[in-house]
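Report on the structure given below.
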Amino acid sequence: MRVTDAETLVAVKDATGSLRLHIEALLTMGLLNSPMHGSKIRVSTGNFIIAKPIGVKDGVDFKYTGCVRRVDEYGINTQLGFGSIVLLSPIGYSTTGEVFNLALEDVATQTAIALNADKLITFSKDEGLIDSTGELVRSCSIRTVKVLASEQIHEQEKYLDQLLLLNAIIKAGENGVERCHCVSYQSDTALLEELFTPDGAGTLIAKDHREQMST
C-alpha cells in the first residue's frame, strides 16, 4: 500500500485532473464518419466519494492515503437518471475538506456495492483471470476466485496486480453484485466481445455457479 505525502498528493491531483479532462474531451467528440457522430454524451464528476484516512498501521503513517468511507449513491443515481455518465476518480474527500488518494479497486468495488450494480467490470493486462498454470479462466464462481486468491497469495510479487482484482471481485460478489467480468485493457475490442458474443473475450465470474457460461 502506497504512502501519499503532501508533495505526492499534489502530483496525484494534477494527474487525475489532466486525465479526467482528457476522458471528457474524448466523450465529447462528434466526428463525421465515426461512431461518435451526432452523439451528445454528458459527463458528470463530483464529490461522490467520501473518504477517510488509513492512518497509522504497523508503525507506518500513510498520511494522505485513504479508503472509501461511503458513496453518495443518491447523487450518482440522480446523474444517471439524467442520462449522464458518472466519471469517478481514485480521489476522495473527507468531511473536514481534505483530499485523499484512494485505491481505484476500492472506489470501483464500493460504488458497485452501493449502487446494487448488476455487474462489475475489471480490466487486466492479461486476457482475464489467469490460473496458477498460466491458463485463462473463462468462467467461474466466486468460490473459485477465492481458491485462486489463496493459491496466488504465496507469490504476491508475481500476481500482485491480479490479486488486487481478485480481492475486488470477491468483495463485490459477497456484497450483492451478481456478476463480474475481467477483460484485457490491451485489446480495443475485448469489452465488446465479452459483453456481446457467446464466448466472450475474458473471464466471467458469476455469484451463482448455475449462471456460468459454457465455452
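Because the structure is predicted, anything quoted here is derived from the model rather than measured.
Residue pairs meeting the salt bridge (Lys or Arg N to Asp or Glu O under 4.0 Å) criterion with at least one partner in residues 164-176, sequence neighbours excluded, are K146-E174. Residue pairs meeting the side chain to side chain donor-acceptor pair (under 3.5 Å) criterion with at least one member in residues 120-135, sequence neighbours excluded: D131-T133, S132-E151. Pairs of residues two or more places apart, or lying in two chains, that qualify as side chain to side chain donor-acceptor pair (under 3.5 Å) and include a residue from residues 78-89 are S44-Q79.
The number of heavy atoms from other shown groups lying within 6.0 Å of CG (D14) is above 12.
Taking each heavy atom of E105 and A168 in turn, the nearest pair found is CB-CB, 4.2 Å. For the residue pair T45 and R20, the shortest heavy atom distance occurs at CG2-CD, 3.4 Å. The minimum heavy-atom distance between I170 and A149, with the atom names listed, is CD1-CB, 4.2 Å. When all heavy atoms of L136 and G202 are compared, the pair lying nearest together is CD2-O, 4.3 Å. Closest approach of C140 to T203, counting heavy atoms only: SG-CG2, 4.5 Å. Nearest heavy-atom pair, A172 versus T109, reported as atom, atom and distance to 0.1 Å: N-CG2, 3.9 Å.
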Practice problem: Evaluate the side-chain contact (heavy atoms from CB on, under 4.5 Å) criterion for residues V177 and I169: first the C-alpha distance (whole Å), next the side-chain angles of each, then the deciding distance (0.1 Å), finally the verdict. | Solution: CA-CA 9 Å; V177 180; I169 290 168; over 6 Å; no

Quiz prompt | Working for side-chain contact (heavy atoms from CB on, under 4.5 Å), residues Q152 and L163 | solution = CA-CA 7 Å; Q152 296 181 357; L163 280 168; 4.1 Å; yes

Exercise. List the steps and the verdict of side chain to side chain donor-acceptor pair (under 3.5 Å) for E193 and T189.
Key: CA-CA 6 Å; E193 289 180 46; T189 61; 2.6 Å; yes

Self-check item: Verdict with reasoning, V3 to V60, per side-chain contact (heavy atoms from CB on, under 4.5 Å)
Solution: CA-CA 9 Å; V3 175; V60 177; 4.0 Å; yes

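One hydrophobic cluster, built from ILVMFWY side chains closer than 4.5 Å, cannot hold both I153 and L165; they sit in different ones. Two different hydrophobic clusters hold V137 and I130 under the rule that ILVMFWY side chains link at heavy-atom gaps under 4.5 Å. Under a hydrophobic clustering in which Ile, Leu, Val, Met, Phe, Trp and Tyr are joined whenever their side-chain heavy atoms come within less than 4.5 Å, directly or via other members, Y185 and L164 fall into different clusters.
Contacts of R69 classified as side-chain contact (heavy atoms from CB on, under 4.5 Å), with partners at least two apart in sequence or in another chain: I50, K52. Residues passing the side-chain contact (heavy atoms from CB on, under 4.5 Å) test with L195, sequence neighbours excluded: K119, I121, H181, L191.
For the atom pair D61 CG and I54 CD1, the distance stands at 10.5 Å (nearest 0.5 Å). A distance of 11.0 Å separates SG in C67 from CZ in F62, rounded to the nearest 0.5 Å. Atom-to-atom distance recorded for D106:CG and T111:OG1 is 8.5 Å, nearest 0.5 angstrom. Atom CZ in R70 sits 8.5 Å away from atom OG1 in T95 (nearest 0.5 Å). With rounding to the nearest 0.5 Å, the separation of CE in M29 from CD in E24 is 13.5 Å. Here the straight-line distance linking atom CD1 of I142 with atom CG of L148 works out to 11.5 Å at 0.5 Å rounding.
Listed for the S139 side chain is no donor-acceptor partner under 3.5 Å among the backbone atoms of L204. A side-chain donor-acceptor contact under 3.5 Å links S150 to the backbone of V147. Proximity of a side-chain donor or acceptor of S94 to a complementary backbone N or O of E98 within less than 3.5 Å is detected.
Clustering of Ile, Leu, Val, Met, Phe, Trp and Tyr side chains at separations under 4.5 Å places V68 together with L9, V12, F48, I49, Y64, V71, I76, L80, V86, L88, I91, Y93, V99, F100, L102, V107, L115.
Side-chain contact between Q162 and L129: present, with at least one pair of heavy atoms (C-beta onward) separated by less than 4.5 Å.
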